Structure formats: structure tokens, C-alpha cells
There are 2 protein chains.
Amino acid sequence: MLELRLVQGSLLKKVMESIKDLVNDANFDCSATGFSLQAMDSSHVALVALLLRSEGFEHYRCDRNISMGMNLNNMAKMLKCAGNDDIITLKADDGSDTVTFMFESPTQDKIADFEMKLMDIDSEHLGIPEAEYHAIVRMPSSEFSRICKDLSSIGDTVVISVTKEGVRFSTRGDIGTANVVCRQNTTVDKPEEATIIEMNEPVSLTFALRYMNSFTKATPLSNTVTISLSSELPVVVEYKIAEMGYIRFYLAPKIEEDDEETKP
Amino acid sequence: MLELRLVQGSLLKKVMESIKDLVNDANFDCSATGFSLQAMDSSHVALVALLLRSEGFEHYRCDRNISMGMNLNNMAKMLKCAGNDDIITLKADDGSDTVTFMFESPTQDKIADFEMKLMDIDSEHLGIPEAEYHAIVRMPSSEFSRICKDLSSIGDTVVISVTKEGVRFSTRGDIGTANVVCRQNTTVDKPEEATIIEMNEPVSLTFALRYMNSFTKATPLSNTVTISLSSELPVVVEYKIAEMGYIRFYLAPKIEEDDEETKP
DNA sequence: ATCAACTCTA
DNA sequence: TAGAGTTGAT
């Protein structure tokens, strides 16, 4: 028996909106610890890791560890039917091949339940080692989103370079080049507007903007984003989910081939 | 000679927006009583009945009963040219085959007139008998609209069931099932937020969501909607138009075939 | 593939 | 408050 009650249902709605375009089907894993997911994107290039800790739920009952395979698009469709102020309860009976989403309006006048079939998914649960990163950038998530969107109108890839002075996002395309530099800046009115750079070693890595733009769908989940970079390691783009956990996106850097686009 | 002056011109704009997708051509009937329309939708499944009483107009002159055939899409196009605060006057000379819409801006600085050709339409004016309904539900129009929209992302038809406790909207589709229950609730701050159920007999009827979603285009006309149900009778979905009349949509229930989707 | 609705930004 | 872009539905 599984029963998870989340008062701030909009969180789950936002979480689904931020991964459903990246991943088609995935297993949600429930344990006493919390509700989590780990999945590769459909082209096996990026990885999403989600954690919603049990403490963040108003009620969390998970009698035994369970893995539920869901089509994320269908799940997102159903969650769209929940109001933003609704309380969302997720239920599954032992041995059942369905999951039920229950939505309660704040006034309790409207109660909706949506039942969805579960599916069997071959999951390849990767252990993600904790790593030391050469540089960690924390900045406003909206700013990062804007930069990725802007750069993708010029080129397909972004070079992220971190020095002590700041972080530089660069791209190059047929119509020209673009560079956006964000200086370290901790003297702002609100802490979430700060840009903070922790750097052990300068790094410069190239990534496909297509994926970055997909990751920034998680922007509504948090005011800030953390970008952790090391040469030879996948970048981690993390959005903290208040009181509950995080959503992390991993993406391997492109091996820079300067002449990739200019080959005959 | 016909001359109808409507100070709150936005009403007419909203009325047109709410029927133009359902009905292509229709006759508007003018008499001393008011301005009315009755028309079947293009696939002859649903029926719209509109009444704008003469008392609701600032000036209402209709020398003799007249029926004017109009293409509703074209009429809507012209009305879109009126500002939301404009005063709209509708004029037609006796024997003329055109109608003129005049729009006056609130400041009288702008006066526009649009002339449109009338058309001959075979109208089948159905007498709609007043009927006793097993159940009448009054609820916020926005909520009804939201429910129809949500359910149509899951299935094609909605089962509306009324009991003393409340009204249930259910659907079923490839990805799962959905139920939304609205409880009777008269203890709200504003009367237009109430959900009121008058029930003589429980009913449960099935309708095509496509039409329901078309009806809910009238939501801007009223804060509340009234749904009148009887077995074997078309449902009536009514939006009252303040001080003037109503727009009513009629839709025959689907005969429930439980095995419709499971036939070999 | 096209059209309409919603959200976010300027 | 208006426009544009994006997203979803038919």
C-alpha cells in the first residue's frame, strides 16, 4: 500500500512539466526515504535524477519499496487536471497495476480521481558517484534560462567557461557569435539574485543547447540553479525543490571539434 | 426599419464568439419581444437558442417581425472590430438585403459602420417544449469549463451523474479513467461560487465532450451555468445573459454502449 | 500539419 | 496592458 499526500500539489505538476519532454517512460521508486526517479532521456544522452523526500509530504505511507513504471506524458496529462492549489494524493495498492492520482480542491468541494495503468520498464539504475567539481556556479535560474534560450537562437552548442571573474556562455553559428559573461556578484538585495562561483580550477566545456533548454523547463521549481562542472565529467544542472529535494540533470560534454561544422 | 442599440456591446461580441464555431449560418429573428436565434449545429446534433430581450437594449425599434440570415463567422469578424467598450447599433432597412453594424467608441471619437450581406437560409424553427428535468445543477461556469476541458484530455465522452450529494463527471480513455465530483455547496462567500443541485430523481447520461467544450465558449457571458438533465431528453446547458436573456445549448445524450470499444 | 489557448515578457 | 512565443489539441 502506497499513499503519498502532497499539500503543495503544484510542485508535482511542475516536476512533470520539467521532465516529460526529456523522458518518455520511467520508473518512480518509492521507499521510506522518499519518492525518486532516475532516467535517461530518450536518446540516452542526458540523465534526470529526481528526489522528493518523504518529510516533504504531509502524509507518506510506503509499506515496502516499490517501483512504478509510468508514461510521463500521460502522467503529466493527468496532473494538468489538478488545480494549482489542489492537494495531490498518489495511491497504489500492493500488486496493483494501476496508480491513482487524487486531487482535492482547497475547499474540498471538488474531488477528482484519475487512474492510470502502470507499465513494465527495464530500468537501468545507475549509481551516480559523488564527484569533486572544478567549478560550481550558482545563479538565478531565470537568468540561466534566458541565456540558454538566447544563445540557441544563434548556435547549437554552448561553451561554458568558468574563471575566477565569472562564467562565460559562448556560442557560434552561421549568423555570428555570442558571448554572455556573468560576473560573480554576491552584493545583491536578495540572496536568490546572487551569482556565486566556487572554483578550484578553470574549466571550459561544450554542451548541446538543445538539452540545456530542456533542463531549464525546471526553472519554475526554484529561483536558483547550480551548475557543477569538471572536465571529463557530465555537467550537473540542479534545481533545489524547497523542503523536499531536488531535480538534477546530467549531460556529458561534447568533445570539442573545432572544425565540426566546417568540414566539407 | 430595425434599429437596436446595445450599450454593452461586448455582450454581442461574446455571444458571437460562443456560437460561431458551432453554427455556420443562422437566422436572427427580431420581434417586439427581442432579438433571438435558434439553430442546429452544422452536424445537426446540437441546438443553440439565444434570446436578447428588447428591454435590455437602450433603444429597440422593430417595426415588424423580421428574420435575417447571416453567416455567423462573418458577423463575428465584423464584431471583432468593435472595441469592448463600444456601443453597438444594429440597423436594417425594410426590404434591404443588408444589415449594418455601427460601433461608437465610449468617447464618441470613433464611429465605425460595417455593412454585411444577408442570406436566405432555410430555417427549421423547432418548438422546444418546456420540460420537467430530473435534475438541475447550477455551478460556476468556469469550473464546468475546466472540468470539460480536463476530461477531454483523457476521453471523448463524459458521463454526468447527479445524486443528492453532488454531480459526478466521468470519462475513460486509452491512458486511464477520470472522475470529478462536485459536492453541493451553498455556503460560499459569493453566490456565484455556489454549486446547487435540485434533484427529483438520480440521472446518469453520456455526452460527447467535443460539444460540451464548444458550449463552454459561452463562459465569459455568465459566472454560472445551469445544466438540466433528464433521461431521454437533450441536456440543456444554459448561460444567463445579465438583464437580457440567455443562451442555451441542447445536446442529445449518447445511448450508452458499454462494449463500444471492445467489439472485435 | 494547422489552429487556438495560455503564459511570460516587455 | 499588449504582444509574442510556446504548447497542446484536432
Side-chain angles (χ1 to χ4, degrees), chain A residues 10-11 13-24 42 71-86 114 140-154 180 192-193 209-223 225 239, chain B residues 10 13-14 16-24 41-43 45-46 72-74 76-77 79-86 105-107 141-158 171-176 178 207-221:
Chain A
S10 59
L11 273 187
K13 289 174 57 120
K14 289 177 190 163
V15 162
M16 289 314 301
E17 288 305 310
S18 68
I19 31 181
K20 71 168 213 289
D21 294 329
L22 204 58
V23 180
N24 291 127
S42 11
N71 175 299
L72 301 194
N73 260 300
N74 293 344
M75 180 174 168
K77 261 190 195 169
M78 293 195 164
L79 288 176
K80 275 202 179 155
C81 303
N84 276 326
D85 302 324
D86 284 3
F114 289 69
S141 58
S142 56
E143 197 168 327
F144 177 63
S145 168
R146 177 65 195 264
I147 291 168
C148 290
K149 189 168 134 266
D150 286 350
L151 294 194
S152 63
S153 74
I154 312 290
V180 180
E192 66 264 28
E193 288 171 0
L209 276 167
R210 182 185 145 214
Y211 290 99
M212 286 293 171
N213 275 315
S214 192
F215 302 165
T216 59
K217 298 262 164 68
T219 302
L221 282 166
S222 173
N223 288 322
V225 62
Y239 297 83
Chain B
S10 61
K13 287 171 60 110
K14 289 176 191 164
M16 288 316 300
E17 288 305 310
S18 68
I19 24 185
K20 71 168 211 291
D21 293 330
L22 204 57
V23 180
N24 292 128
D41 84 291
S42 9
S43 43
V45 175
L72 300 193
N73 262 300
N74 293 342
K77 269 188 194 168
L79 288 175
K80 272 194 184 165
C81 303
N84 276 325
D85 302 324
D86 284 5
S105 71
T107 57
S141 57
S142 57
E143 196 168 329
F144 178 63
S145 168
R146 174 71 195 264
I147 291 168
C148 290
K149 189 168 134 270
D150 283 349
L151 293 193
S152 63
S153 77
I154 310 290
D156 298 328
T157 59
V158 57
T171 193
R172 166 186 302 274
D174 294 339
I175 72 170
F207 303 98
L209 277 167
R210 186 187 142 209
Y211 289 100
M212 286 293 171
N213 275 317
S214 191
F215 301 166
T216 60
K217 298 261 164 67
T219 301
L221 282 165

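Protein chains get the first letters and strands the later ones, always in sequence-line order, with residue 1 at the start of each. Please read all numbers here as calculations on a predicted model, not as lab measurements.
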Gap between atoms CG and P, on B:D150 and D:dG8 respectively (whole Å): 14 Å
Closest non-hydrogen atom pair between A:E192 and A:N223, with its separation: CB-CB, 3.8 Å
Rounded distance in Å - CG (A:L79) to C1' (D:dG8): 16 Å
B:D41 side chain near B:Y211 side chain, heavy-atom distance below 4.5 Å: yes
Touch class at under 4.0 angstrom, heavy-atom based, for B:S153 against every strand present: sugar-phosphate
Nearest-Å distance for atom pair NZ/C1', residues A:K80 and C:dT7: 12 Å
Gap between atoms CD and C1', on A:E143 and C:dC8 respectively (whole Å): 17 Å
Spacing between A:K217 atom NZ and D:dG8 atom C1', to the nearest angstrom: 13 Å
Rounded distance (Å) that lies between atom P of D:dT1 and atom CG of B:D85: 12 Å
Nearest-0.5 Å distance that lies between atom CG in B:L22 and atom OG in B:S43: 8.0 Å
Atom pair distance, as rounded to whole Å: NZ in B:K20 and P in C:dC3: 14 Å
D:dG5 OP1/OP2 closer than 4.0 Å to side-chain N/O of A:R146: no
Gap between atoms CG and C1', on B:L22 and C:dA4 respectively (whole Å): 17 Å
Residue-phosphate contact under 4.0 Å: A:K149 side-chain N/O, D:dA4 OP1/OP2: no
Atom of B:G83, atom of B:K13 and distance for their closest heavy-atom approach: O-CD, 4.1 Å
